[in-house]
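Presented below is the structure to which this report refers.
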Amino acid sequence: MTEPQIIESATPDPTPARFDTLPLDAKLLRAVADSGYALMTPIQAKAIPIVLEGRDVMGAAQTGTGKTAAFSIPLLQRMLKHENASASPARHPVRALVLAPTRELADQVANNIKAYAKHTNLRVTCVFGGIDMKPQTLVLKGGVEVLIATPGRLLDHIEAKNCVLNQVEYVVLDEADRMLDIGFLPDLQRILSFLPKTRQTLLFSATFSPEIKRLSQSYLQDPVLVEVARPNATAKNVEQLFYSVTDDDKRAVVRQILRQREIKQAIVFVNSKLGAARLARSFERDGLRTAALHGDKSQDERLKSLEAFKRGEVDLLVATDVAARGLDIADLPAVFNFDVPFNAEDYVHRIGRTGRAGASGVAVTLVTRADARLVADIEKLVKRTLDLQAFELPDDRGSRSARYEGVERSDRPARPRREESFYDAAPAAAAPRPAYRPPAAPRDAFFDKPYEASQRDEPPAWDKGAAAAPRSVSSNIKPKKKVAALFGAKAPAASLES
DNA sequence: AAAAAAT
């Protein structure tokens with residue numbers, strides 16, 4: 001295997017190039033201008049010319065820097081330029097396939113591509129699960145050139161022979177490292193088995209572990225690695241705060257920070273669907289306009305929650321990692337990690353929901369003593385020393401729910417409906433005092449010393465087996481054996497690390 | 001220890 005060519009730029013070009021300097025069809029340039037873009041971001045400036053050349057690309061750039069446009073605009077240009085001569089018009093084969101790991105992201109990417117393609121004759125559609133297949137089937141049978149999909153539903157359509165994929169010329173894996181992880185890989189491989197071997201393949205993500213880089217080489221031909229800044233880097237414009245808390249204090253801490261920093265909107269990430277549902281109810285009782293987004297909700301509810309949040313009708317979106325990747329919510333000021341994510345990569349993606357397109361944002365991560373390993377993993381991945389601070393709540397906790405913690409629900413006094421808004425009704429307002437003390441008085445020795453990746457506490461019960469070997473930073477693909485098994489003996493040896 | 005993606 002040949003070494004991939006590496007195009008890298010640590011510092012953004014000081015004079016960003018304009019889209020209209022690119023050799024693009026006027027129809028595309030007009031659509032880009034309609035979208036309000038004149039200047040390219042660094043990943044766009046680097047990747048678009050290479051995609052236009054027809055090369056396979058692995059593109060890595062920080063969250064919120066316009067990766068979707070970086071692959072879709074040159075892809076549309078190539079489709080306009082290179083008519084599919086072999087296709088018989090009656091068959092309407094799909095020419096470009098874009099795969100995404102969540103339904104909401106597939107929908108968003110499809111809407112972007114539709115906007116860029118609006119002056120062309122290319123037909124763009126999106127299929128994903130959770131909704132009726134029939135309308136999707138009708139559209140597919142009518143003919144579609146650009147198909148955006150989540151893996152499961154696409155396989156359904158393939159099996160039902162609703163779409164023809166044997167003439168696909170372009171494949172994009174958005175959030176490529178997620179698409180290549182163990183949970184998606186079997187579906188992905190089945191889908192790829194229906195596609196021609198000769199095609200242009202594009203992989204894009206903000207995070208690529210060395211293992212995934214290696215693995216992805218078996219899906220790329222003579223690829224160019226386009227990297228803007230260090231891989232796995234977090235956006236510079238996101239302030240990252242880490243507070244040591246107890247589980248019981250978490251909700252009050254979030255409320256306190258919302259008030260203190262006057263944060264009007266935030267995503268609160270939790271690690272489980274049930275946790276998301278419960279926490280959303282709790283914030284709702286506190287008078288915050290809250291919506292939940294997780295995989296146990298109907299697709300209709302999921303889209304409604306997200307739309308309400310985007311429209312600003314909702315203050316808090318309590319979500320699982322279904323919302324961690326790719327979702328573009330304009331001007332979101334804050335992200336909370338109510339639970340520390342299990343995968344360090346997901347930390348990078350979660351906090352990437354704020355600070356998009358150059359805006360500033362704050363990311364607050366609540367850390368309990370059980371999270372030491374996870375925080376160390378994040379530290380190692382983002383190659384930053386994380387400053388863990390103690391968080392002191394005001395004496396009165398400012399909340400009924402905190403005071404009645406542990407009391408049977410039926411024993412609680414009926415909660416009066418709030419009339420004032422959450423922010424106006426601040427119960428702690430009478431006692432203005434700093435929300436937290438600097439870590440001068442750490443709670444115990446655990447929080448006293450800085451985390452180190454090598455620091456190992458007694459392994460938790462669930463992780464006894466792994467205690468001997470150091471934990472992989474890329475926990476997505478921890479079970480190396482399984483990955484190797486999928487690829488048999490011919491696991492690719494070429495590495496992008498040089 | 002979990003979520004996501006098909007039903």
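Predicted, not measured: the structure shown is a model, and the values here were computed from it. Within every chain, numbering begins at 1; the chains are lettered A, B, ... in the order of the sequence lines, protein sequences first and strands thereafter.
- A:Ser305 is linked by a side-chain contact (heavy atoms from CB on, under 4.5 Å) to A:Ala291, A:Lys297, A:Leu317, counting only residues two or more places apart in sequence or in another chain.
- Atom CZ in A:Phe338 sits roughly 16 Å away from atom P in B:dA2 (whole-Å rounding).
- Between A:Lys304 and A:Asp300 a salt bridge is recorded (basic side-chain N to carboxylate O distance below 4.0 Å).
- Nucleic acid contact for A:Gly295: sugar-phosphate only, since backbone atoms but no base atoms lie under 4.0 Å from a heavy atom of the residue.
- Atom P of nucleotide B:dA5 and atom CG of A:Leu173 are separated by 17 Å, given to the nearest angstrom.
- Rounded to whole Å, the distance from CG on A:Leu293 to C1' on B:dA3 is 12 Å.
- For A:Thr102, no side-chain nitrogen or oxygen approaches OP1 or OP2 of B:dA3 to under 4.0 Å.
- Counting only heavy atoms from C-beta on, A:Leu374 has its side chain closest to B:dA1 among B:dA3, B:dA1, B:dA6.
- Considering only side-chain atoms of A:Phe342, the nucleotide from B:dA6, B:dA2, B:dA4 that sits closest is B:dA2.
- Nearest nucleotide to the side chain of A:Phe184, out of B:dA3, B:dA5, B:dA6: B:dA5.
- Separating the CE atom of A:Met179 from the C1' atom of B:dA4 is a distance of 10 Å, rounded to the nearest angstrom.
- Looking at A:Asn271, its side chain has no donor and acceptor atom pair within 3.5 Å of the base of B:dA3.
- For the pair A:Thr320 and B:dA4, the criterion of a side-chain N or O lying under 4.0 Å from OP1 or OP2 is met.
- A:Arg103 has a side-chain polar atom (N or O) that falls below the 4.0 Å cut-off from OP1 or OP2 of B:dA5.
- For the residue pair A:Gln136 / A:Arg153, a side-chain donor-acceptor distance below 3.5 Å is found, with atom types taken as modelled.
- A centroid separation of less than 6.0 Å is found between the aromatic rings of A:Phe242 and A:Tyr347.
- When the P atom of B:dA3 is taken as reference, atom CG of A:Asp339 falls 10 Å away, rounded to whole Å.
- In this entry the distance linking CD of A:Glu175 with P of B:dA4 reads 15 Å, nearest Å.
- Computed from coordinates, the A:Asn343 CG to B:dA2 P distance equals 13 Å when rounded to whole Å.
- Regarding A:Asp346, its CG atom lies at a distance of 11 Å from the P atom of B:dA4, rounded to whole Å.
- The phosphate of B:dA5 (OP1 or OP2) has a side-chain N or O of A:Arg302 nearer than 4.0 angstrom.
- Applying the side-chain hydrogen bond (donor to acceptor under 3.5 Å, both in side chains) test to A:Glu104 and every residue at least two apart in sequence or in another chain returns A:Gln299, A:Arg302.
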